[in-house]
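These numbers come from the heavy atoms of this one structure, side chains and all, not from hydrogens, waters or symmetry mates.
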Amino acid sequence: MVATYEALCEEGYSDLTAQSIADRTDRSKSALFYHYDSREALVADFIEYLIEGFDARVERTREQPPLERLAAFVDWFLADPDDDELAFHTAFLELRAQAPYNDVYREKLRESDDILRTVVEDILRDGIDAGVFRAHDPESVSALLLASFDGARIRQFTLGRDEYLETVRAETVDRVLADVLAADVEFPDEASFEFPRDDRLVDDDGTTDTADSDGTTNAADDDETTDAESDTENTASNAEGDPTE
């Protein structure tokens, strides 16, 4: 999963291959195909991996006040990305463009969208209960916020115009959240805490983690393939001409 992330950052989705992923591990491509029968299956599993990580990160914010949780979410979503984040989100935008033609990707991206909307809806409902938000329809507001944030991100990634992030945040606060906040509540200029990052992809020292998705460290040498891996070598080789493999 970490190797897939690195390959997406460096190669983009269009040039992503099983070999480019295997090259970033100590596994052979045949070993990779022992677990995944196509690039599509691997990328679908990677999206699921990101979803699981996002769930865990959200859980770490549950005890924070709802207003601060919303501010942290907005700041995270509209933060100016560093080079690696920009490369990854640009590659992921390529992947999203495949969803209208790929039922597997569409299903995974729908799952991701459902989770994002639920997170915002839960924050808004908690805020209503806490008295910091007025009574409103959390589902509609959540959909509006995410659509605005997505639009800002896409324009920033594709046009290189960072001002979209700043403008959308400011207008979200002044025009959308102004109608949601209780009369005596102001939206923070900056959240009191940062939305947690996915520590499975990048260690604290900035180096990438080389653990498998099950938490174990890659230990197999390319030359020490099993019979099952050898059996899949021909399958992988025969699929080389297929861009989905």
Side-chain angles (χ1 to χ4, degrees), residues 1-18 20-22 24-25 27 32 35-36 38-62 69 72-100 102-123 142 145-147 149-150 152-154 156-157 194-204 206-218 244:
M1 296 296 98
V2 174
T4 301
Y5 172 78
E6 292 176 352
L8 279 169
C9 288
E10 296 175 27
E11 308 286 345
Y13 175 76
S14 297
D15 294 329
L16 183 70
T17 64
S20 67
I21 296 170
R24 290 169 172 81
T25 72
R27 303 286 181 89
L32 196 64
H35 297 285
Y36 300 101
S38 68
R39 181 184 70 164
E40 177 187 85
L42 193 157
V43 171
D45 202 29
F46 176 68
I47 298 173
E48 187 67 32
Y49 177 78
L50 294 180
I51 290 172
E52 291 171 358
F54 183 73
D55 279 342
R57 292 154 65 198
V58 168
E59 196 59 36
R60 289 158 57 186
T61 71
R62 293 287 185 194
R69 284 158 57 199
F73 184 88
V74 171
D75 288 349
W76 164 71
F77 215 113
L78 296 179
D80 189 16
D82 61 28
D83 290 343
D84 285 342
E85 291 170 335
L86 180 59
F88 173 71
H89 286 300
T90 302
F92 211 76
L93 186 61
E94 290 184 85
L95 188 154
R96 289 178 65 174
Q98 304 301 311
N102 188 307
D103 291 340
V104 174
Y105 289 169
R106 179 182 293 180
E107 178 184 351
K108 290 298 179 184
L109 292 173
R110 277 176 175 262
E111 183 180 349
S112 175
D113 181 64
D114 288 343
I115 290 172
L116 282 172
R117 290 196 301 173
T118 298
V119 167
V120 179
E121 290 168 15
D122 287 347
I123 293 173
S142 174
L145 290 176
L146 290 176
F149 297 168
D150 262 341
R153 266 190 167 183
I154 289 171
Q156 197 271 345
F157 296 151
E194 290 187 359
F195 193 80
R197 69 178 190 174
D198 196 334
D199 294 329
R200 304 169 307 164
L201 296 177
V202 180
D203 290 335
D204 290 336
T207 60
T208 54
D209 188 359
T210 57
D212 283 340
S213 57
D214 62 359
T216 60
T217 302
N218 292 337
T244 65

Considering all heavy atoms, the nearest [X]-[Y] contact:
X	Y	answer
Arg69	Arg62	NH1-O, 4.0 Å
Gly12	Ala91	CA-CB, 3.8 Å
Ile21	Ala3	O-CB, 3.6 Å
Leu32	Ala18	CD2-O, 3.5 Å
Pro100	Ala97	CD-O, 3.3 Å
Ala152	Leu78	CB-CD2, 4.1 Å

Just wondering, more than 12 heavy atoms not from [X] lying within 6.0 Å of its [atom1]?
X	atom1	value
Glu111	CD	yes
Asp82	CG	yes
Arg60	CZ	yes
Arg96	CZ	no

Between atom [atom1] of [X] and atom [atom2] of [Y], what is the distance when rounded to the nearest 0.5 Å?
X	Y	atom1	atom2	value
Leu109	Asp114	CG	CG	11.0 Å
Asp103	Lys108	CG	NZ	13.5 Å
Tyr13	Leu8	OH	CG	9.0 Å
Glu107	Asn102	CD	CG	10.5 Å
Met1	Thr4	CE	OG1	4.5 Å
Ile154	Leu93	CD1	CG	5.5 Å

request  = Over 60° means perpendicular and under 30° means parallel, so classify the ring planes of Phe46 and Tyr5, tilted if in between.
outcome  =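 Ring orientation, 0 to 90° scale: tilted.
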
Parallel, tilted or perpendicular: which one describes the rings of Phe149 and Phe77, with boundaries at 30° and 60°?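 Rings of Phe149 and Phe77: tilted, 30 to 60°.
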
Tell me, do [X] and [Y] make a side-chain contact under 4.5 Å, heavy atoms counted?
X	Y	value
Ile47	Phe92	yes
His35	Leu42	no
Asp80	Gln156	yes
Asp122	Val58	no
Val119	Phe54	yes
Arg57	Asp198	yes
Pro81	Phe88	no
Leu201	Leu50	yes

**Study point:** Check: His89 main-chain N/O paired with Arg153 side-chain donor or acceptor under 3.5 Å
**Key:**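 A pair under 3.5 Å: no.
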
Problem - side chain to side chain contact (heavy atoms under 4.5 Å, CB included) evaluation trace for Val43 with Tyr36 - result: CA-CA 10 Å; Val43 171; Tyr36 300 101; over 6 Å; no

State plainly whether the residues Arg117 and Asp113 are in salt-bridge range, i.e. N to O under 4.0 Å.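 Here Arg117 pairs with Asp113 in a salt bridge, since their nearest N and O are under 4.0 Å apart.
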
Do the side chains of Glu85 and Arg197 get close enough for a salt bridge, i.e. N-O under 4.0 angstrom?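 Salt bridge between Glu85 and Arg197, a charged N being under 4.0 Å from a carboxylate O: no.
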
